[in-house]
Amino acid sequence: MMAGEEGADAYVVMGNPVGHSQSPFIHAEFARQFGHAITYRALHVEIGSFRASVEAFRSQGGRGANVTLPFKEEAFALSTQPSARARQAGAVNTLHFDAERIRGDNTDGVGLVNDLEQNLGFPLAGRDILLVGAGGAARGVIGPLLAVSPARLVVANRTASRAQALRRHFDDRIEACGLDRLPAGPFDLVLNATSASLSDRAPPIATAPLRSGACAYDMMYAAEPSPFMRWAEDAGASMVSDGTGMLVEQAAESFRLWRGVRPRTGAVIDALRRRLRDSSSR
Ligand code: NAP
């Protein structure tokens, strides 16, 4: 049996939980732009079953998968051809099944950089950047952020040792500290890569180290501004954004890897924002 409907290439997003994923909506919009026949659905995977689920999907003819929490490291381990970006991150969010090969890539970082530079018009070269958080999302974006040559990249985490571990993994171009030991800014960009917003909290950023014209960016996305975004407004950020654009941009890069064409993202970001607002007002 094929994983997709007749004649359609099949893709999934695998995670746990995954029911809330917006990726099926985004990829349906992308496929419509090109008239591609694909199916894309959310696949809940039990902890401990990731490898078996990937193999089952491949054996049914599945063409590719996005991977979300908590399986990105396992997806990296499963990749027979990890890209340079994936090796740098040690995590994979895009699997591409290519005959016997399993290509693995990480599109989170390029998604963030594209949203900031192209959609929000905030060039990153020469900037002083504070990245708050040291989990999977932070790990995925550090390489692409370094690639655009910021003046400074400080990684600050609640648990300082995890930030230090990222510094060892990358190189001494990043500084690492606990959230309670923030260096004096000011910063041009503060990125929230923590999951604090999920529990309706802002990470405790003790001072307000923002430079005039600064941008604050929460990788989380929701209909309403997050506590971090509200903190940033109060701290005087000139531009405040959530991660809706990053989500669509990382998906566009996955689509390009799978389908060889790059979707336009602007209208899809707008449509996703409307969809998030509509579902929260119901
Ligand atoms: P993760 O691996 O579980 O890491 C969670 C991070 O948040 C850790 O650094 C943790 O610090 C920190 N944290 C949690 N609660 C905190 C609190 N109350 N105060 C301060 N720090 C706190 O999660 P992840 O995969 O990195 O995801 C992080 C966020 O990025 C999520 O909101 C996710 O939705 C978002 N994300 C968005 C996109 C997108 O496309 N927009 C892509 C990827 C991820 P400790 O180390 O001290 O525990």
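In each ligand, atom 1 is the first atom listed, and ligand 1 is the first ligand listed. Side chains are part of it too, since the values below use all heavy atoms of this structure and drop only hydrogens, waters and symmetry mates.
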task: Using distance alone, determine whether P204 and ligand 1 share an N or O pair under 3.5 Å.
output: no

Compute the centroid of each ring, for W231 and then for F228, and state whether the two points are separated by less than 6.0 Å.
-> yes

Polar atom proximity, A134 to ligand 1 (N or O, under 3.5 Å)
yes

Of all protein heavy atoms, the one nearest atom 30 (O) of ligand 1 is A137 CB, 3.7 Å

Salt bridge R275-E29, side-chain N to carboxylate O under 4.0 Å = no

Per-atom filter on ligand 1: closer than 4.0 angstrom to a heavy atom of L69 are 25 (O)

Looking at ligand 1, would G111 count as a contact under a 4.0 Å heavy-atom criterion? no

Do R273 and T244 get their side chains close enough for a donor-acceptor pair, meaning under 3.5 Å? yes

Checklist entry - Does any donor atom in the side chain of N66 or N93 lie under 3.5 Å from an acceptor atom in the other side chain? => result no

### Side-chain H-bond candidate by donor/acceptor type, D115 with Y217, under 3.5 Å
yes

- Is any N or O atom of S195, backbone or side chain, closer than 3.5 Å to an N or O atom of ligand 1? yes

field: Close N or O approach (R162, ligand 1; < 3.5 Å)
entry: yes

For atom CZ of R201, is the number of surrounding heavy atoms from other residues, nucleotides or ligands below 6.0 Å larger than 12?
no

Here the atoms of ligand 1 under 4.0 Å from any heavy atom belonging to G133 are 9 (O)

> So, do S241 and M246 sit near enough that their side-chain heavy atoms are less than 4.5 Å apart?
Replying inline: no

Of all protein heavy atoms, the one nearest atom 47 (O) of ligand 1 is T159 OG1, 2.5 Å

Heavy atoms of the protein only: does one fall short of 4.0 Å from atom 8 (C) of ligand 1?
yes

For G243, the atoms of ligand 1 under 4.0 Å from one of its heavy atoms are 41 (N)

**Prompt:** Would R259 and H36 count as having a side-chain donor-acceptor pair, cut-off 3.5 Å?
**Reply:** yes

Within a radius of less than 6.0 Å around CD of E117, do more than 12 heavy atoms belonging to other residues, nucleotides or ligands occur? yes

4.0 Å protein heavy-atom contact status of atom 25 (O) of ligand 1, strictly under: yes

In terms of side-chain geometry, is the basic nitrogen of D98 or R101 positioned less than 4.0 Å from the acidic oxygen of its partner? yes

Donor on one side chain, acceptor on other, S226 and D218, under 3.5 Å = yes

- request: Using the six-membered ring wherever Trp is involved, compare the ring planes of H27 and Y40 and label them parallel, tilted or perpendicular (cut-offs 30° and 60°).
  value: parallel

ask   = Does S197 come within less than 4.0 angstrom of ligand 1, counting non-hydrogen atoms of the residue?
value = no

Looking only at protein heavy atoms, what sits closest to atom 11 (O) of ligand 1 is N157 OD1, 3.3 Å

min-distance protein heavy atom vs atom 41 (N) of ligand 1 -> M219 O, 2.9 Å

Counting from 1 in the order shown, the ligand 1 atoms closer than 4.0 Å to a non-hydrogen atom of G135 are 2 (O), 4 (O), 9 (O), 26 (O)

So for M246 against ligand 1, with non-hydrogen atoms under 4.0 Å, the contacting part is both

Under 4.0 Å from one or more heavy atoms of L247, ligand 1 contributes atoms 40 (O), 41 (N)

closest protein heavy atom to atom 15 (N) of ligand 1 is R158 NH1, 3.6 Å

In terms of heavy-atom contacts, Q250 and L247 come closest through NE2-O, 2.9 Å

- [ ] Consider every N or O of S199 and every N or O of ligand 1, then say whether any pair is closer than 3.5 Å.
- [x] no

for atom 28 (C) of ligand 1, nearest protein heavy atom and its distance come out as A193 O, 3.4 Å

For atom 2 (O) of ligand 1, the closest protein heavy atom turns out to be G136 N, 3.0 Å

Any heavy atom of L112 under 4.0 Å from ligand 1? The part involved is neither

Do L78 and V54 have side chains that get closer than 4.5 Å, going by heavy atoms? yes

Query - CA sep, side-chain torsions, deciding dist, call: M219, L112, side chain to side chain contact (heavy atoms under 4.5 Å, CB included) - result: CA-CA 8 Å; M219 293 192 197; L112 173 70; 4.1 Å; yes

Near M220 (heavy-atom distance under 4.0 Å), the atoms of ligand 1 are 32 (O)

The protein heavy atom nearest to atom 12 (C) of ligand 1 is T194 CB, 3.6 Å

